[in-house]
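In what follows, a structure is listed as structure tokens, so that the remarks can point back to it.
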There are 2 protein chains.
Amino acid sequence: MDDVAVRRLAALAQGTRVKIFKALMRAGPDGLAAGVLAERLEVAPNTLSAHLSVLSEADLVSARREGRMRIYAVELEAVSQLLSFLVDDCCQGNPEVCAPIAARSAMSGC
Amino acid sequence: MDDVAVRRLAALAQGTRVKIFKALMRAGPDGLAAGVLAERLEVAPNTLSAHLSVLSEADLVSARREGRMRIYAVELEAVSQLLSFLVDDCCQGNPEVCAPIAARSAMSGC
DNA sequence: CCGTCATTTCAATGAGTAGTGAAATAAATT
DNA sequence: AATTTATTTCACTACTCATTGAAATGACGG
């Protein structure tokens, strides 16, 4: 559990990858083709592929084939698990301490 | 904005640091002394200090002095910002897509 | 089947980072 | 002031990781 979270955080802890992640978050379940991402983010295809592989091994994104392109999409379930991991058991079980902060974060814009 | 988030993710993307972070999350605003953390997590004091410094520069934790010990506590506001960053603008502005997932995550256990 | 498009794999290089022992700082106690 | 306690800073080593060019794989159209 703990290990998975670190792997996911590491996958996101990089400038290019976090941009990829956010682009895929915006795209939602439909996802985006690797080539589209490469062009949109101005990243070399091979570099992008390496980053997608990291995100993929962390299960933060999944890939499917469509014709000759490969479509990547965010794994919302994994994102949800990651957010939960970061905040669960917080404030010694006193919700009122951080409830006001929790209120305006966490997928509220989603 | 983007840069801050990556810095914070990088700070959390490490086994020892994520344990420190979770311990401090559990402790809440009261925080924990560096020494207590070192003993509880079985980390050498100098190693711990380096990790706390990383978390601190990412503004995920703050430090205060109390007697001769230094007390570290989580910065809930920063945590909140980080969670928001990860999920905002998601699913092309179609809340219904990820709302069910959002429901059971994000400071819900808090 | 042959060429082309989309993407990945490989090998190599340079940059950043975790951990350690030893020394330094800082505050309280005697 | 000297000593002990709590923590940080320093210098160093080993390791991991991002990026790049070149070659390889896989799928489609002629």
Side-chain angles (χ1 to χ4, degrees), chain A residues 2-24 27 30-75, chain B residues 2-24 27 30-75:
Chain A
D2 210 70
D3 209 30
V4 176
V6 171
R7 196 192 197 90
R8 288 181 179 160
L9 287 164
L12 291 171
Q14 207 276 337
T16 305
R17 280 200 297 268
V18 88
K19 279 185 195 122
I20 297 170
F21 173 78
K22 295 224 74 180
L24 291 177
D30 291 351
L32 288 173
V36 174
L37 275 168
E39 196 176 0
R40 196 177 287 184
L41 303 177
E42 293 177 348
V43 177
N46 54 355
T47 302
L48 182 91
S49 181
H51 285 309
L52 283 171
S53 148
V54 173
L55 289 167
S56 200
E57 273 172 52
D59 261 320
L60 283 168
V61 307
S62 59
R64 67 178 190 275
R65 202 172 249 296
E66 208 158 282
R68 46 179 141 183
M69 13 186 193
R70 207 171 283 256
I71 314 281
Y72 284 88
V74 83
E75 278 288 327
Chain B
D2 210 69
D3 209 31
V4 176
V6 172
R7 197 196 196 90
R8 286 179 180 162
L9 287 164
L12 291 171
Q14 206 276 339
T16 305
R17 280 201 296 269
V18 88
K19 279 185 196 124
I20 297 170
F21 173 79
K22 294 226 73 181
L24 292 177
D30 291 351
L32 288 172
V36 174
L37 275 170
E39 196 175 0
R40 197 177 289 184
L41 304 178
E42 293 177 348
V43 178
N46 53 355
T47 302
L48 183 91
S49 182
H51 285 308
L52 282 170
S53 147
V54 172
L55 289 167
S56 200
E57 272 173 52
D59 261 319
L60 283 169
V61 308
S62 59
R64 66 178 191 274
R65 201 170 250 296
E66 210 157 281
R68 48 180 142 183
M69 18 188 186
R70 208 172 281 258
I71 314 279
Y72 285 87
V74 81
E75 279 288 327

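Below, chain A is the first sequence line, B the second, and so on; all start at residue 1. Quantities reported herein were computed from a predicted structural model and do not represent experimental measurements.
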Between CZ of R17(A) and CG of L52(A), what distance do you get to the nearest 0.5 Å?
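Here the interatomic distance stands at 10.0 Å.
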Heavy-atom nearest nucleotide on DNA chain D taken for E66(A) and for V54(A); more 5' hit belongs to V54(A)
Taking the nucleotide of DNA chain D with the nearest heavy atom to each, does G67(A) or I71(B) sit closer to the 5' end?
I71(B)
Rounded to the nearest angstrom, tell me the gap between atom [atom1] in [X] and atom [atom2] in [N].
| X | N | atom1 | atom2 | value |
| --- | --- | --- | --- | --- |
| L32(B) | dA6(D) | CG | P | 15 Å |
| R7(A) | dT16(D) | CZ | P | 14 Å |
| R64(B) | dA27(C) | CZ | P | 17 Å |
| L37(A) | dT8(C) | CG | P | 10 Å |
| Q14(A) | dT17(C) | CD | C1' | 14 Å |
| K19(B) | dG19(C) | NZ | P | 10 Å |
| L48(B) | dT9(D) | CG | C1' | 14 Å |
| M69(A) | dG29(D) | CE | P | 11 Å |

Does the side chain of H51(B) get closer than 4.0 angstrom to OP1 or OP2 of dG19(C) through an N or O atom?
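Yes, such a contact exists.
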Y72(B) vs dT8(D): side-chain N/O to OP1/OP2 distance below 4.0 Å
yes
Evaluation steps, side-chain contact (heavy atoms from CB on, under 4.5 Å), between V43(B) and I20(B)
CA-CA 10 Å; V43(B) 178; I20(B) 297 170; over 6 Å; no
Quick one: which of [options] gets closest to the side chain of [X]?
| X | options | result |
| --- | --- | --- |
| A50(A) | dT8(D), dT19(D), dA26(C) | dT19(D) |
| A44(A) | dA18(C), dG26(D), dT20(D) | dT20(D) |
| R17(B) | dT19(D), dA18(C), dT8(D) | dA18(C) |
| T47(B) | dT20(C), dT9(C), dT7(D) | dT20(C) |

Mind checking whether L32(A) and R40(A) have side chains closer than 4.5 Å, heavy atoms only?
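The answer is yes, as the side chains (C-beta and beyond) meet within the 4.5 Å cut-off.
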For R68(A) and for T16(B), locate the closest nucleotide of DNA chain C by heavy-atom distance; then report the residue assigned to the nucleotide nearer the 5' terminus.
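Closest to the 5' end, via its nearest nucleotide, is R68(A).
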Remember a base hit wins even if backbone is also touched, and classify A33(B) as base, sugar-phosphate or nothing at under 4.0 Å, heavy atoms.
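Sugar-phosphate, backbone atoms only, no base.
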Identify which one of R64(B), R68(B), R70(B) satisfies the side chain to side chain donor-acceptor pair (under 3.5 Å) criterion when paired with E66(B).
R64(B)
Check: dG21(C) base within 3.5 Å donor-acceptor of N46(B) side chain
yes
Quick one: closest heavy-atom pair of L24(B) and Y72(B), and the distance?
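Nearest pair, atom of L24(B) first, then Y72(B): CD2-O, 3.3 Å.
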